[in-house]
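Here, residue 1 is the first one in the sequence, and each next residue gets the next number. Only this structure's heavy atoms are used, side chains among them; waters, hydrogens and symmetry mates stay out. Note that ligands are numbered from 1 as they come in the structure, with each ligand's atoms numbered from 1 the same way.
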Amino acid sequence: MEAAAAATTTNKAPSMADPEDDFDLSRLLNHRPRINVERQRSFDDRSLGDLYLSAMDGRSGGYMDSYDTMYSPGGGLRSLSGTPASSTRHSFEPYPLVFEAWEALRRSLVCFRGQPLGTIAAVDHSAGEVLNYDQVFVRDFVPSALAFLMNGEPEIVKNFLLKTLLLQGWEKRIDRFKLGEGAMPASFKVLKDPKRGVDTLSADFGESAIGRVAPADSGFWWIILLRAYTKSTGDLTLAETPECQKGIRLIMNQCLAEGFDTFPTLLCADGCCMIDRRMGVYGYPIEIQALFFMALRCALLLLKPEGEGNKDTVERIVTRLHALSYHMRAYFWLDFQQLNVIYRFKTEEYSHTAVNKFNVIPESIPDWLLDFMPSKGGYFVGNVSPARMDFRWFALGNCVAILASLATPDQAAAIMDLIEERWEDLVGEMPLKICYPAIEGHEWQSVTGCDPKNTRWSYHNGGSWPVLLWLLTAACIKTGRLKIARRAIDLAEARLAKDSWPEYYDGKLGRYVGKQARKHQTWSIAGYLVAKMMLEDPSHLGMISLEEDKAMNPVLKRSASWTV
Ligand code: GLC
């Protein structure tokens, strides 16, 4: 949100942190992590053997042998396979691009009272002047955090998790309206006061953001990151503190509250996620539903069953997970076969026996979709609500659906099939389209409100976002489709550094650096590093992936990827 930086400097008093707020940061940081203590096998994901096997596909000699170490400036020499770097092997050569990316990532680090706390959105020195975008966005920090975790530097992630938890505790107001207790900020900023010699924080929960929309994804990312931290360090003490347990409960309370909902999906305002401007994603956007599902599952792993107030939350989570997976797998899923069913839908059906439950009018199927849908492949559509199916394909939601095992194994494979079949449209020359296709003309006018930043094939409207590379790579590893990941990474490597790590690319093929794209965008850099590290050591996937929960039996027996 580009206005946030300017707006937060005028934040009111309740949004400023007191030095006393720092209560648990140092206390918790002094805790000795308990290594590799796992509860109820809950962090027991896919066996690494499986991952290594799938990692070997298609490379002579096995790519795990290709190099086993990498150099990270400031982070020292790290083994990417989780074992100390062997002193007898000096064959590693720092990969110049990886080296450069690490340096750039470290330049974006911001300190709060002497401790690194997060990465700012962009550090841009390219035009000879400093054009930093000095907000730490919660969603933007996730790939940075994963890079640090994968590089064996968990402290910064711990600081971030604790500090954002404190921000959650602030009173959040927009005019005279108070936001829910669980709300997490979209971003925060460290304010340095050289005179007083103190650092303070200002945060934006939506009260400064363009359009005044609160981020529905921040809390979900926070929980997902807490689980990634726990999984990668084996340190359960952080997640088990009463503060973290309460933070999880508050987020859960907010999204599990009962209302007038008839669906288990989460009702959202437009612009409440990565796409943080009006783009017609209001309602039940796939991005939020996939993150919601993943956060519910992570919360279930992290909440101590015996913890005060947890029993009820855990029960509500389990019930919701069942309903949500059923709903998503049944109604959001689209492949050739299902499209044909919708194409022949009868309308105006009343009663329990209705086939066309949401009264989707077949004439609303857009022309592009009839050509786009391959006979092999499928995806979760953008949105489903009464008489409205947003048939657009969205990258983040579909990748997260794979990682969280919201997609059944068949569906996950079909999503990858689609990416392969429609490579030119979805990947083109720069991975990865944020959504497909772009909207234009009258539709663009009415859906975006004539947004000049979101013109066709630019920014959120069919632009290509390098940050999505890490999600694509993770999804590829999970589904054993490493060739796709390698191909995508090769494309990114050919241009990203040369183009100064832009925020996004424009055009049908993603060939042009985005019209208003920032350079040295931190999550473009971190996304590349995470993709690279995961491909080198697929066991890293475990921190960001959840295996299928057998209790949530696939509701659809129909093969997701239908072949003629
Ligand atoms: C843009 C993106 C948003 C991101 C922010 C900071 O507003 O849409 O997802 O968090 O920039 O990079």
Side-chain angles (χ1 to χ4, degrees), residues 1-8 104-105 108 110 118-124 131-146 160 164 184-189 203-206 208-222 224-225 268-282 285-288 290-291 394-397 399-400 432-435 438 448 451-455 457-471 500-506 513-528:
M1 297 238 173
E2 44 280 274
T8 42
L105 182 62
S108 71
V110 63
T119 48
I120 60 173
V123 179
D124 189 355
L131 291 166
N132 289 354
Y133 188 14
D134 57 2
Q135 298 280 320
V136 179
F137 280 82
V138 171
R139 73 174 73 84
D140 292 36
F141 181 65
V142 173
S144 300
L146 294 176
F160 173 88
T164 41
M184 283 277 186
S187 67
F188 62 84
K189 183 174 167 158
D204 169 41
F205 295 87
S208 308
I210 294 171
R212 297 291 181 268
V213 60
D217 60 344
S218 287
F220 297 152
W221 279 123
W222 184 86
I224 293 166
L225 192 55
C268 299
D270 217 341
C272 66
C273 50
M274 177 185 177
I275 296 179
D276 56 4
R277 301 163 76 91
R278 185 173 153 190
M279 261 299 290
V281 293
Y282 62 90
I286 181 63
E287 173 173 342
I288 290 298
L291 287 172
F394 289 85
L396 197 155
C399 289
V400 172
L432 183 66
K433 286 265 163 53
I434 193 168
C435 68
T448 71
D451 187 345
K453 201 163 173 184
N454 273 335
T455 50
W457 306 114
S458 182
Y459 202 45
H460 300 142
N461 187 8
S464 301
W465 289 65
V467 61
L468 298 169
L469 186 63
W470 81 264
L471 281 160
S500 309
W501 310 96
E503 182 187 14
Y504 63 95
Y505 286 77
D506 284 359
V513 173
K515 225 183 299 170
Q516 294 185 48
R518 289 169 193 282
K519 299 286 185 71
H520 298 279
Q521 186 78 11
T522 303
W523 68 355
S524 299
I525 298 162
Y528 165 71

**Q** Below 3.5 Å, N or O to N or O, backbone or side chain included: is there any such pair between W523 and ligand 1?
**A**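 No, since none of the N or O atoms of W523 sits under 3.5 Å from an N or O of ligand 1.
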**Q** So for R277, does at least one of its heavy atoms come nearer than 4.0 angstrom to any atom of ligand 1?
**A**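 Contact check R277 vs ligand 1: negative.
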**Q** Does ligand 1 have an atom that lies less than 4.0 angstrom from a heavy atom of R518?
**A**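 The answer is no, since R518 has no heavy atom less than 4.0 Å from ligand 1.
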**Q** Can you see which heavy atom on T164 is nearest to which on M184, and at what distance?
**A** O-SD, 3.6 Å
**Q** Test of understanding: given a 4.0 Å heavy-atom threshold, classify the contact between Y459 and ligand 1 as side chain, backbone, both, or neither.
**A**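 Side chain only.
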**Q** In terms of atom number and element, which parts of ligand 1 are under 4.0 angstrom from non-hydrogen atoms of Q521?
**A** 12 (O)
**Q** Short question: side chain of T522, backbone of A121 - any donor-acceptor pair under 3.5 Å?
**A**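 Between the backbone of A121 and the side chain of T522 there is a qualifying donor-acceptor contact (under 3.5 Å).
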**Q** Measure from the ring center of F137 to the ring center of W523 and say whether it is less than 6.0 Å.
**A**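 For F137 and W523, the ring centres are not under 6.0 Å apart.
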**Q** Give yes if a backbone or side-chain nitrogen or oxygen of F137 is under 3.5 Å from a nitrogen or oxygen of ligand 1, and no if not.
**A**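 There is no such contact.
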**Q** Which atoms of ligand 1 have any heavy atom of E503 under 4.0 Å away?
**A**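 By the 4.0 Å cutoff, the relevant atoms are 1 (C), 11 (O).
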**Q** Heavy atoms only: which of V138, D140, I120, I210 lies closest to atom 4 (C) of ligand 1?
**A** D140
**Q** Is the closest heavy-atom distance from Q135 to ligand 1 below 4.0 Å?
**A**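 False for this residue.
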**Q** Would you confirm whether R278, through its side chain, and D451, through its main-chain N or O, come within 3.5 Å as a donor-acceptor pair?
**A** no
**Q** Can a donor-acceptor pair be found, under 3.5 Å and without considering hydrogens, that links the side chain of Q516 to the backbone of K453?
**A** no
**Q** Please list, one pair per line, the donor and acceptor atoms closer than 3.5 Å that link side chains of residues 462-470 to other protein atoms, with sequence neighbours excluded.
**A**
| from | atom 1 | to | atom 2 | distance (Å) |
| --- | --- | --- | --- | --- |
| W465 | NE1 | Y459 | O | 2.9 |

**Q** With F394, which residues qualify under ring pair (Phe, Tyr, Trp, His ring centres under 6.0 Å), at least two apart?
**A**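 If we apply the ring pair (Phe, Tyr, Trp, His ring centres under 6.0 Å) test to F394, skipping adjacent residues, there are no hits.
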**Q** Looking only at N/O atoms, are Y133 and ligand 1 under 3.5 Å apart anywhere?
**A**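 No, Y133 has no N/O under 3.5 Å of an N/O on ligand 1.
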**Q** Against heavy atoms of H460, which atoms of ligand 1 measure under 4.0 Å?
**A**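 That gives atoms 2 (C), 8 (O) of ligand 1.
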**Q** So, S218 side chain and P185 main chain: donor-acceptor pair closer than 3.5 Å or not?
**A**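 Judged by distance alone, yes, a pair lies under 3.5 Å.
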